[in-house]
Amino acid sequence: MFRRNNIAARIFERQIRTPAPGTSVHCSRQFYENLVPSYTIYDVECPDHSFRKFTDDGQYLISFSKNNHDLIVYRPTWLSYSCKEEDCNNHDVPAKRFDSFFTELYCVTLASCNEVICKDFFLYVESNRFGLFATSTAQVHDAPATGGAIQGVPSIEKITFHLLRLEDGALLDEKVFSNDYVNLPHNMGVFLYDDLLAIVSLRYQTIHVLQIRDSGNLVDVRAIGAFCREDDELFLNSNIQGLENPDRSRTHQLNGDLVENGLQFNSDNSFLGGIKQRLLSFIFQGIWNEEMDQTQRVQCLKKKFYFHFQDYVDLIIWKVQFLDRYNLLIKFGSVDGGVGRNAEQHTSFFAVYNMETTEIVAFYQNSADDLYHLFEKFCDHFYVTSRNSLHMRFISSHSNSIHALEQLRCIKEKASSCSQFMKKMLASLPFSCQSLSPSPYFDQSLFRFDEKLISATERHRQSTDHPIKFISRRQPHTLKFKIKPGPEAGSIDGRAKKISSFLFHPFLPLALSIQQTFFLQSSVINIHFRR
């Protein structure tokens, strides 16, 4: 058949050939090898805003004002201009303005005078085109641990989640957390799955599960932490009233029964929380079932459970993600790892928790072989995507791309320690929600690029004055396009440290590169598009 890869040949081949079952979308995505953002407008005149990302359906560009008080939403448009001369392709594009590519829809003030918008937090509800934003007051690092709070976890006086309809900027609902701490940067403490929202309170060790209704209301579904079932608190309070009975002999008998069952009650209500009780029970039962001989069983419990009992008790919830509508993947670790930046250096554990049965289904350490093999073979199951998302289903991973798998195995072979390698790989679990770009230009079956400089993960990266090359995967020596952040002539001061971020449209050949220099307020924004 046709060996040419120009777009006319591809269209003709699409007309006369039917793709194999289940491959029609992948065949269509091959057109992006010809439709690339190969033209760059450098240092575009644009508003002094912090640009966050495109929504997953490509309808909106989210940005915030420099004072982090206002939300500004744009609609991507396409540059149009006329040329009367014969050779128009050799002429520069006349537009160097931001509004030639984007139309401002509205500006909404979200933060009050003592609050600021968390510019690294944004979640998009694609089915309803809702946007979830967060504002917060200043963080207090040495806040006292009162009211059941965890010692060593900072406190924020007020955290507000705002649910907006992005079509017109209408504020639909708010959810406020007072004197609490939620890890907002890069959506780490919040996870969205369809209409379910999980918010992790690090300070009070509670997973708040909410539902986003079609009407735009945030409805509390359950809170997992101190209690697992809706009637747990009622049951404990009724027993406390029984303990406070004036019949002292009956009180003494009840206290004796609690001690016999391994539960020590006092007036400070120092029971372990419900989720911690479930975790300890699961670990105990797992070790109990390892040995059938009673003597060996006792010895095994002493070494593996009672010796580490206090370490298990001191574990706190770091991060949570949905695996489906009923199961949560919960990451446990020490207090220092939960609030610090170097979480990889701390030992952590993973638990699968079923919200309906309130049971721990599985428990792994962060260097477990069986968990790593699940991660390697079924990585896509951890990238939980909405049923309504059309573009997020084709993100490359080592479980769906042979090129990504080869790259992973190459890193594994170079690693000095297999255990440390698995810890490093599993450190990314649970995945942050909506942290990957669905752009086809990050599809590793189509393009090859330097992932140290650019990738689908939405993070700031160290900038370079050299352009980032996107090489064709089918034709290994064919350069398809280049992305160069910063000024066209390069940086004047080569010693200044610079970082870059890239915002790719989910399906159009359109991208923004934003280069920032430390200690300087202004940014250099380039627009890359197909001319």
Side-chain angles (χ1 to χ4, degrees), residues 205 207 224-229 232 257-264 270-324 326-335 337-338 343-379 381-382 399 412 415 417-430:
Q205 287 297 284
I207 304 170
I224 304 167
F227 309 107
C228 293
R229 296 187 184 275
D232 281 353
D257 292 339
L258 287 170
V259 172
E260 282 184 10
N261 288 286
L263 294 174
Q264 179 65 50
S270 58
F271 281 120
L272 292 174
I275 188 70
K276 192 66 65 66
Q277 290 277 11
R278 301 292 198 279
L279 180 62
L280 291 172
S281 298
F282 183 85
I283 297 171
F284 181 90
Q285 290 175 351
I287 298 172
W288 178 276
N289 295 330
E290 286 181 5
E291 299 288 345
M292 299 304 296
D293 181 73
Q294 187 66 21
T295 304
Q296 294 293 329
R297 180 178 285 169
V298 171
Q299 293 299 322
C300 193
L301 284 171
K302 286 181 179 179
K303 292 178 181 179
K304 295 184 178 181
F305 184 74
Y306 293 111
F307 184 76
H308 299 286
F309 181 80
Q310 192 58 45
D311 295 329
Y312 292 136
V313 170
D314 292 339
L315 292 175
I316 68 167
I317 299 172
W318 281 3
K319 200 175 177 184
V320 169
Q321 77 163 86
F322 284 101
L323 295 176
D324 53 39
Y326 306 103
N327 293 286
L328 296 173
L329 178 64
I330 306 175
K331 189 173 188 177
F332 292 90
S334 64
V335 175
E344 297 180 13
Q345 301 177 1
H346 299 269
T347 300
S348 58
F349 300 87
F350 300 93
V352 179
Y353 175 79
N354 187 291
M355 295 189 295
E356 295 297 315
T357 63
T358 71
E359 294 177 353
I360 299 290
V361 179
F363 182 71
Y364 306 94
Q365 193 171 345
N366 64 337
S367 58
D369 292 338
D370 45 357
L371 179 60
Y372 172 76
H373 291 310
L374 289 173
F375 172 73
E376 183 178 297
K377 292 183 179 180
F378 307 103
C379 182
H381 291 266
F382 295 97
S399 62
K412 185 177 181 179
S417 168
C418 184
S419 176
Q420 290 300 321
F421 167 77
M422 288 189 289
K423 282 184 179 180
K424 184 178 181 179
M425 291 296 105
L426 296 176
S428 58
L429 292 179

Original post:
Quick one: does Ile317's side chain get under 4.5 Å of Phe332's, heavy atoms only?
Top reply: yes
Original post:
If you round to the nearest 0.5 Å, how far is CZ of Arg297 from CD of Gln299?
Top reply: 13.0 Å
Original post:
Are any side-chain N or O atoms of Lys276 and backbone N or O atoms of Leu315, one a donor and one an acceptor, separated by less than 3.5 Å?
Top reply: yes
**OP:** May I ask you to test the Asp311-Thr347 pair for a side-chain heavy-atom distance under 4.5 Å?
**Re:** no
Original post:
Which distance, rounded to the nearest 0.5 Å, do you find between the CD1 of Ile360 and the CD1 of Ile275?
Top reply: 4.5 Å
**OP:** State, with a plain yes or no, whether a side-chain heavy atom of Leu329 is found less than 4.5 Å away from one of Tyr353.
**Re:** no
**OP:** State whether the side chain of Gln321 and the backbone N or O of Leu429 hold a donor-acceptor pair below 3.5 Å, judged by distance alone.
**Re:** no
**OP:** Taking all heavy atoms of Leu426 and all of Tyr372, pick out the closest pair and write down the distance.
**Re:** CD2-CA, 4.1 Å
Original post:
Is the backbone N or O of Arg229 less than 3.5 Å from a side-chain atom of Asp232, with the two atoms forming a donor-acceptor pair by type?
Top reply: yes
**OP:** Give me the one residue out of Phe307, Tyr312, Phe305 that meets side chain to side chain contact (heavy atoms under 4.5 Å, CB included) with Phe309.
**Re:** Phe305
Original post:
Quick one: CG on Leu301 to CD1 on Ile283, what's the gap to the nearest 0.5 Å?
Top reply: 12.0 Å
Original post:
Considering only heavy atoms from C-beta outward, does the side chain of Asp369 approach that of Met422 to under 4.5 Å?
Top reply: yes
Original post:
Between Tyr364 and Leu374, is any pair of side-chain heavy atoms under 4.5 Å apart?
Top reply: yes
Original post:
Between Phe375 and Phe382, what is the ring plane arrangement, given parallel below 30°, perpendicular above 60°, and tilted in between?
Top reply: tilted
**OP:** Measure the spacing between OG of Ser348 and CD of Gln365 and express it to the nearest 0.5 Å.
**Re:** 8.0 Å
Original post:
Is there a donor-acceptor pair under 3.5 Å between the side chain of Arg278 and the backbone N or O of Glu359?
Top reply: no
Original post:
Excluding sequence neighbours, so at least two apart, what forms side-chain contact (heavy atoms from CB on, under 4.5 Å) with Thr295?
Top reply: Asp293
Subject >> Heavy-atom pair with the smallest gap, counting every atom of Ser367 and Ser419 >> reply: CB-OG, 3.8 Å
Subject >> Validation row: Leu328, Ile224 side chains within 4.5 angstrom (heavy atoms) >> reply: yes
Original post:
Less than 4.5 Å apart, any side-chain heavy atom of Val335 and any of Asp314?
Top reply: no
Subject >> With Cys300 via side-chain contact (heavy atoms from CB on, under 4.5 Å) - residues at least two apart >> reply: Ile287, Glu290, Glu291, Lys304
Subject >> Pro430 backbone acceptor or donor facing Lys319 side chain under 3.5 Å >> reply: yes
